[in-house]
Novice: 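Handing you a structure now.
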2 protein chains.
Amino acid sequence: MPEAHKRVKDPQAVRRRLMDEAKKLAIESGISAITVQAVASAAGVTKGGFLHHFPSKQALIDAIFEEVLDQLASEIGARASKDRVAHGAFTRAYIDLAFGGEEPAMDQTWIALSLLMLDDPALRMKWTEWLNDQLSEYGEDQGNVELSIARFAVDGAWLAQHFGVAIPERKSMHEALTKSTFSAGKRG
Amino acid sequence: MPEAHKRVKDPQAVRRRLMDEAKKLAIESGISAITVQAVASAAGVTKGGFLHHFPSKQALIDAIFEEVLDQLASEIGARASKDRVAHGAFTRAYIDLAFGGEEPAMDQTWIALSLLMLDDPALRMKWTEWLNDQLSEYGEDQGNVELSIARFAVDGAWLAQHFGVAIPERKSMHEALTKSTFSAGKRG
DNA sequence: ATAAACATACCATACGAATGGTTTCTTTCA
DNA sequence: TGAAAGAAACCATTCGTATGGTATGTTTAT
């Protein structure tokens with residue numbers, strides 16, 4: 001491992017680049033920009049190289065999706081575990097992910113996620129399951145209006161951001177949304 | 001005009017069908033499902049027929065997009081004009097469009113809009129301009145946190161809906177979001 | 001040596017687009 | 001009024017390109 005500089009070939013790195021570049025392409029030019037050729041070239045590899053790492057284009061997409069879901073879960077877990085209040089902890093972590101730091105954490109990742117979902121019904125189902133699992137794990141009621149609104153607002157905000165629509169100050173968004181989760185009733 | 005039933009050819013209707021079927025395809029199977037062949041077949045026309053009405057696939061997409069923006073503007077205008085309170089009227093109309101009736105108005109349309117945008121940077125810019133125009137026309141500050149959150153929540157909600165994620169009761173969503181626009185400060 | 005990590009060459013398919021022709025409608029003018 | 005002329009609406013076919021994928025070669029690491 002310390003002799004990584006010696007290696008001419010670094011398969012793991014190539015695999016990483018393939019996934020990262022695919023995300024970039026999707027974000028910059030839309031999902032249809034994810035072609036085997038384009039991704040391979042961007043990662044400095046030929047199509048053959050691509051198909052060595054992923055048996056198909058769909059496999060690449062699935063891999064990205066899975067990875068993103070895992071990242072999301074762990075990032076949320078880390079934040080939610082620090083939350084003193086149980087009710088709405090998931091949603092607050094969700095908010096914090098989007099508006100927490102000075103720069104949006106997992107911004108690219110988040111957008112790529114949805115771009116992939118929008119073109120693939122199967123991925124949409126996975127997302128739905130993931131979200132339901134998370135919500136029930138953290139004991140949040142899907143019918144809760146305030147919490148739902150907060151989460152939807154987060155989704156809408158990064159979507160807007162991706163579209164280039166202006167967004168209010170990150171700090172004030174964070175504050176307002178977080179506040180709304182505390183006044184949220186435990187039912188409805 | 002009253003003898004429209006006599007006509008064997010009805011170009012306007014064909015044009016309509018092409019646009020409608022394209023929307024359907026996008027919604028049901030993602031944007032990549034919009035191919036000239038698929039749209040033409042769905043509308044009961046050949047590729048040649050398609051290309052007679054629209055010089056290119058992009059032209060069809062542009063036409064749909066423009067139409068949707070117009071529809072949206074007029075629907076919002078109709079609702080906002082009935083609003084007694086000026087501040088936040090646009091956002092309330094926006095909310096009402098999504099959660100107003102028993103069934104979401106312009107649901108298909110709305111989703112189709114974003115699907116198209118997500119794959120086309122040029123359309124994204126058009127949307128941004130449209131939204132900015134509307135906001136300034138109705139005198140809403142883009143920096144207003146409460147109103148922005150409400151609008152983002154609407155966006156996130158139909159996105160969720162399209163993903164198959166459960167959403168709280170329409171009525172309570174409508175109520176909560178509308179309420180938030182009244183308590184919204186005129187600044188920030 | 002041999003297996004992994006790629007590159008090269010190639011294939012079948014599907015796509016957007018163009019072409020040329022055929023049918024249907026509208027206009028014009030005798 | 002009506003028929004000829006032209007335009008509009010549409011179909012069937014074709015073409016070049018790009019795509020996802022395969023098959024096979026070549027290099028690199030262990």
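Computation of the quantities below employed the complete heavy-atom set of this structure, encompassing side-chain atoms and omitting hydrogens, waters and symmetry-equivalent molecules. Per chain, numbering begins at 1; letters A, B, ... match sequence-line order.
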Novice: Give the rounded distance in Å between these two atoms: CD1 of B:Ile34 and P of C:dA17.
Specialist: 13 Å
Novice: Restricting to nitrogen or oxygen on both sides, can you table the protein-nucleotides 7-10 of chain C pairs closer than 3.5 Å?
Specialist:
{"from": "C:dA7", "atom 1": "OP2", "to": "A:Thr46", "atom 2": "N", "distance (Å)": "2.8"}
{"from": "C:dA7", "atom 1": "OP2", "to": "A:Thr46", "atom 2": "OG1", "distance (Å)": "2.8"}

Novice: Of all the nucleotides listed (C:dA5, D:dG20, D:dC10), which has the minimum atom distance to the side chain of B:Val14?
Specialist: D:dC10
Novice: Whether the B:Gln142 and B:Ser148 side chains hold a donor-acceptor pair (N or O, under 3.5 Å, no angle test) is what I'd like checked.
Specialist: no
Novice: Set out, in order, the CA-CA distance, both residues' side-chain angles and the distance that settles salt bridge (Lys or Arg N to Asp or Glu O under 4.0 Å) for B:Glu103 and B:Arg170, then state yes or no.
Specialist: CA-CA 9 Å; B:Glu103 286 299 313; B:Arg170 296 174 51 73; over 6 Å; no
Novice: Looking at D:dA9, C:dA17, D:dG21, which one has an atom nearest to any side-chain atom of B:Ser56?
Specialist: C:dA17
Novice: Side chains of B:Leu159 and A:Phe152, heavy atoms from C-beta outward: is any pair under 4.5 Å?
Specialist: no
Novice: Can you confirm whether the side chains of B:Thr181 and B:Arg92 place a donor and an acceptor under 3.5 Å from each other?
Specialist: yes
Novice: Measuring from A:Leu177:CG to A:Ile149:CD1, what's the distance to the nearest 0.5 Å?
Specialist: 10.5 Å
Novice: Distance check: side-chain N/O of B:His52 vs OP1/OP2 of D:dA9, anything under 4.0 Å?
Specialist: yes
Novice: Near DNA chain D, which residues from residues 58-68 of chain B have a heavy atom under 4.0 Å away?
Specialist: none
Novice: For the pair made of CD in A:Gln37 and P in D:dT22, what is the distance, rounded to whole Å?
Specialist: 16 Å
Novice: Closest approach to the side chain of A:His53, judged atom by atom: which nucleotide of D:dT19, C:dC6, D:dA9 is it?
Specialist: C:dC6
Novice: In whole Å, what is the span from the CD atom of B:Gln12 to the C1' atom of D:dA8?
Specialist: 13 Å
Novice: Between C:dC15, D:dT22, C:dA17, spot the one nearest the side chain of B:Thr35, thanks.
Specialist: C:dC15
Novice: Check the pair A:Lys171, A:Glu175 against salt bridge (Lys or Arg N to Asp or Glu O under 4.0 Å), reporting the backbone distance first and the verdict last.
Specialist: CA-CA 6 Å; A:Lys171 209 177 172 184; A:Glu175 195 183 313; over 6 Å; no
Novice: In whole Å, what is the span from the NZ atom of B:Lys57 to the C1' atom of C:dA14?
Specialist: 11 Å
Novice: I'd like to know if the side chain of A:Asp155 pairs up with that of A:Tyr94 as donor and acceptor (distance under 3.5 Å, no hydrogens or angles considered).
Specialist: yes
Novice: Specify the separation, in whole Å, of atom CG of B:Leu51 and atom P of C:dG20.
Specialist: 15 Å
Novice: Return the value, rounded to whole Å, for the distance between atom CZ of A:Arg15 and atom P of C:dC6.
Specialist: 12 Å
Novice: Go through the side-chain N and O atoms of A:Gln58 and A:Asp62 and say whether any donor and acceptor fall under 3.5 Å apart.
Specialist: yes
Novice: Among A:Arg17, A:Arg16, A:Lys24, which residue meets the salt bridge (charged side-chain N to carboxylate O under 4.0 Å, His left out) test with A:Asp20?
Specialist: A:Arg16
Novice: Where the side chain of A:Pro11 is concerned, which of D:dA9, D:dT22, C:dC6 is the nearest nucleotide?
Specialist: C:dC6
